[in-house]
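What follows is a single structure, written as structure tokens, with notes after it.
Both ligands and their constituent atoms are indexed starting at 1 by order of listing. On a predicted model such as this, the values are computed, not experimentally measured, just so you know.
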Amino acid sequence: MDSVSRRKFLKIGGASVVLSAATQSALGRVEELAKTKSSKGLEKIPTFCDICFWKCGAIAYVEDGKLWKVEGNPLDPLSRGRLCPRGTGGIGAHYDPDRLKYPLMRKSVRGEERWNQVTWDEALTFIADKMKKIKNDYGPEAMALFSHGIGGNFIKHLFKAYGSANIGAPSFAQCRGPRDVGFNLTFGEDVASPERTDIKNAQCLVLIGSHLGENMHNTQVQEFSDALANGVSLIVVDPRVSVAAGKAKYYLPIKPGADMALLLAWMQVLVTERLYNKPYVEKYGFGFDNFAAEILPYSPEWAYPETGIEPEVIRATAREMARYQPATLIHPGRHVTWYGDDAQRSRAIALLNALMGNWGVKGGFYYPVSMDVPSYPYPEYPHSDKPKVDNPDNKFPFAHEVNTNGIRKATISGEPYPVKGWFVYATNLIHALPDEQETIRAIQNLDLLVVIDVIPAEIAGWADVVLPEAVYLERHDDLNVEWFREPFISLRQPVVEAPHDQKPNWWIAKKLADKLDLGHYFPWKDIEEYLEHRLNAAGLSYGQLKKEGIIRGEKQPIYFAEGVPDVFPTPSGKIEFYSLQLAEAGFDPVPKYTQPAPPPAGFFRLLYGRAPVHSFSRTQSNRVLMDMIGENEVWINQDIANRYGLKSGDFIRLKNQDGVISNRIKVKATERIRTDCVYMIHGFGHNSRMLKFAYQKGASDAQLITRYKTDPLMGGTAMNVNFVTFELEA
Ligand SMILES: Nc1nc2c(c(=O)[nH]1)N[C@H]1C(S)=C(S)[C@@H](COP(=O)(O)OP(=O)(O)OC[C@H]3O[C@@H](n4cnc5c(=O)[nH]c(N)nc54)[C@H](O)[C@@H]3O)O[C@H]1N2
Ligand SMILES: Nc1nc2c(c(=O)[nH]1)N[C@H]1C(S)=C(S)[C@@H](COP(=O)(O)OP(=O)(O)OC[C@H]3O[C@@H](n4cnc5c(=O)[nH]c(N)nc54)[C@H](O)[C@@H]3O)O[C@H]1N2
Ligand code: SF4
Ligand SMILES: [Mo]
């Protein structure tokens, strides 16, 4: 990456990301640590990153068995040879002194972090015995798996072989679930990950609560940077002046929770002024006339008191979108579990995009493609007569993945049937699910809690058995067969050895399968045999993949204009402006607006989001990344701060509507946020004592999220419904 593009890339990430002198020196220290005497010379080993789920292709530089840096792999279409700052800092995960080193078993009561160090054989025998007993007493469905990321694939396979399909990830009900449901109901397909957004070709881009630049999903940030360089007209809607908002042509500081009102008013303008893409809507739309009639009352004047956005600004931005259609992209966002109307709000975003005529069109949403690599020919999984535990009586009819919070609920109530064991792979449920106490109540009902992690995160503190995993730089994982603009596969492979007795997930799954008498589901000797088998079946070379990290396929059509068939797998076969499916299930066929409950007097709505150099609660033990942002701050509007006598740098505590008080957190008094809300970065405020370095640095938003609203369509947990006030005596 040349220095100009590097600077441009980092600039999008906000001033705070420009590698500070301190960071340079931290990297220097790690390099120093790594560079003892060299005899083998320098090796460059390709793999792909796991500091978040974007899976950027990377090249690790290893000298004499020591890792000293990771860079982007130029062959990789996702990273285009550049990692984000988190990816570059990924080496800190390997060198973290607070890592889990050996298998641990709980000494006394759950939640007391007191442990016995045990061997892998002892730990896995204990787990297998418990799992057999649970299967015997309650059936295999009484074991549930929480798993996030590609590393969970072999554990998922083990669970299916054992007989349980109760497998959930927080990436559905706490993240993108409502978005994918809203888009599915409209176009018959979802937005997927990596998002199929054609940002680089958009001429007008609308970010409504998505803050690319702090949200550092690499390809999107690079494409955003390209689009800005090409003069994209940017409209940003956010109660806070995000990094992206700072670059916008129109910045709309919306009242939190009123996005649906704005979306309806925008659509009303486009329809009443007949500015939408008429030929596209006529060709592909279903129920447009009903839709148009339903949105008629939502004028900009109606929306003004709800949103705080002047009618003229609403009209001007709607016209701006119309000007560039079909290359106007209203970004669907990703973490959309906000106010409880989330699937319907996402559907409104889908409909606004449909009015632009951008689905299947350059500058809108493309059709992702992938390489054809057969899955491994395993024996068939056992059949279960029980439905999944998370959604009894199909209460949430549009949930198409398992809801983590549904498993939690069933674990507490024993309904529709008992859940007695949890297996937790790479998700820190204490920070990821709202209402920590509900999670703890569920955990107290379990006969078995197993946690596989790389650091002693909060969830590990509650476990009966903690299994230390080798970090991504030290292991193979399943093959990444990516769906993207162009087809490619990528390989994760070890670049260094695990420093202690940590093991990779595939090894853990296979060993446990043996002890559960399920060894025939893992017929391969080791993961390389598995990978080679899959590549051979696809007519590809494992040798080439090992050497290059990436194999790219032939480019394929991704737009209607290039030959992608223009079919919509909805019930009507068209884009559903009016949804009969929703009407039949008793929901609004066209989205409607409900006003969110306002903050109580003296309270402010708690908002939260991403920091460009951290991933959730997983990176606060990483010394390299902590050197860039070492704690979080709470953004408070300057006038409000003045009223409370607060200035930037002061420490306070936040107290929520239920009396929960946070750790100490630094004040950032700023004009860049509305007066009715405060904002903080998610992931800080660790209370696990074993996380020696991260312990109590900053405050945890999750701890303050004691309430949530449930999305009636799909069961997701809306978390922007909590309010805080200030405890000045920190
Ligand atoms: N309050 C609040 N809650 C949220 C969010 C929020 O912003 N605020 N965001 C939501 C969103 S968008 C999402 S996607 C989810 C994310 O939810 P999670 O994916 O659960 O996020 P983390 O808190 O980072 O927890 C990840 C855990 O995996 C561990 N880990 C990291 N690498 C490895 C590895 O290689 N192997 C193993 N075995 N473990 C590993 C980490 O140490 C950490 O304990 O959270 C959701 N919940
Ligand atoms: N660096 C980094 N990047 C990441 C991640 C990470 O952990 N670190 N995680 C990745 C994942 S899994 C996800 S899901 C995405 C999440 O990234 P995004 O989908 O971009 O969402 P959030 O981080 O939740 O950011 C929320 C933004 O919405 C604003 N907001 C809050 N309430 C409202 C409202 O009522 N209306 C509007 N219009 N705006 C509002 C907040 O001020 C904030 O700017 O980030 C991804 N990228
Ligand atoms: S976006 Fe950053 S952290 Fe995520 S995989 Fe890519 S380089 Fe790694
Ligand atoms: Mo997410």
Side-chain angles (χ1 to χ4, degrees), residues 13 48-58 70 72 78-79 82-90 93 146 148-149 151-152 169-171 174-176 179 193 207-212 214-221 236-240 242-245 252 254-259 262 331 333-339 424-434 451-460 467-472 475 477 505 596 605 607-619 621 635 673 677 679 681-683 700-705 717 719-720:
F48 64 87
C49 179
D50 195 37
I51 299 296
C52 82
F53 306 108
W54 206 254
K55 309 193 201 86
C56 297
V70 191
L78 276 178
S79 69
R82 314 176 207 170
L83 299 182
C84 88
R86 295 171 297 157
T88 310
F146 298 86
H148 201 180
S171 49
Q174 284 71 47
C175 176
R176 57 172 173 71
R179 171 193 85 177
S193 173
L207 298 178
I208 176 158
S210 177
H211 56 164
L212 290 180
E214 287 152 290
N215 160 353
M216 263 294 177
H217 273 166
N218 191 343
T219 321
Q220 295 208 49
V221 178
V236 173
V237 185
D238 199 308
R240 175 185 70 97
S242 60
V243 171
L252 281 56
I254 195 164
K255 194 184 286 181
D259 297 70
L262 175 66
H331 196 287
R334 186 176 175 108
H335 172 251
V336 295
T337 44
W338 292 352
Y339 298 97
V424 180
Y425 177 86
T427 164
N428 189 4
L429 297 177
I430 301 292
H431 279 250
L433 300 190
V451 170
I452 306 183
D453 208 305
V454 292
I455 52 171
E458 284 69 18
I459 189 66
L467 303 177
E469 184 165 35
V471 303
Y472 68 103
R475 67 176 198 242
D477 270 336
N505 57 71
R605 191 181 293 276
L607 305 180
Y608 51 83
R610 310 282 165 254
V613 303
H614 284 279
S615 290
F616 313 111
S617 80
R618 62 178 59 200
T619 46
S621 194
W635 294 40
I673 188 163
C677 51
Y679 176 85
I681 295 168
H682 168 64
S700 157
D701 62 333
Q703 209 182 7
L704 296 164
I705 299 179
T717 56
M719 306 196 266
N720 289 16

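Here's the thing with N428: one of its N/O atoms is less than 3.5 angstrom from an N/O atom of ligand 1. Here's the thing with I452: one of its N/O atoms is less than 3.5 angstrom from an N/O atom of ligand 1. On a distance-only criterion, P256 and ligand 2 share no N/O pair closer than 3.5 Å. For ligand 2, the polar-atom distance check finds an N/O of V237 within less than 3.5 Å of one of the ligand's N/O atoms.
Ranking protein heavy atoms by distance to atom 26 (C) of ligand 1, first place goes to R618 NH2, 3.1 Å. Nearest protein heavy-atom contact of atom 12 (S) of ligand 2 is F616 CZ, 3.2 Å. Looking only at protein heavy atoms, the nearest one to atom 23 (O) of ligand 1 is S617 OG, 2.5 Å. The shortest contact between atom 47 (N) of ligand 1 and any protein heavy atom is with A432 O, 2.8 Å. Taking atom 1 (N) of ligand 2 as the reference point, the nearest protein heavy-atom neighbour is A611 O, 2.8 Å. Ranking protein heavy atoms by distance to atom 3 (N) of ligand 2, first place goes to M216 N, 2.8 Å. Closest protein heavy atom to atom 20 (O) of ligand 1: T427 OG1, 2.7 Å. Here the heavy atom of the protein found nearest to atom 44 (O) of ligand 1 is D453 OD2, 2.6 Å. For atom 36 (N) of ligand 1, the nearest non-hydrogen atom of the protein is E469 OE1, 2.8 Å. Nearest protein heavy-atom contact of atom 32 (N) of ligand 1 is V454 CG2, 3.8 Å.
The proximity of T337 to ligand 1, defined as any non-hydrogen pair under 4.0 Å, does not occur for either the backbone or the side chain. Contacts between H682 and ligand 1, counted as non-hydrogen atom pairs separated by less than 4.0 Å, involve the side chain only.
Contact atoms of ligand 2 toward H614: 1 (N), 2 (C), 6 (C), 7 (O), 8 (N) (distance under 4.0 Å to a heavy atom of the residue). Here is the list of ligand 1 atoms found below 4.0 Å of a heavy atom in I705: 1 (N). Applying the 4.0 Å criterion to heavy atoms of N720 picks out, from ligand 2, the atoms 31 (C), 32 (N).
When the heavy-atom distances from atom 5 (C) of ligand 2 to H148, R610, E214, R605 are ranked, the shortest goes to R610.
Inclusion of H217 in the first shell of atom 2 (Fe) of ligand 3 is not supported: no N, O or S atom falls under 2.8 Å.
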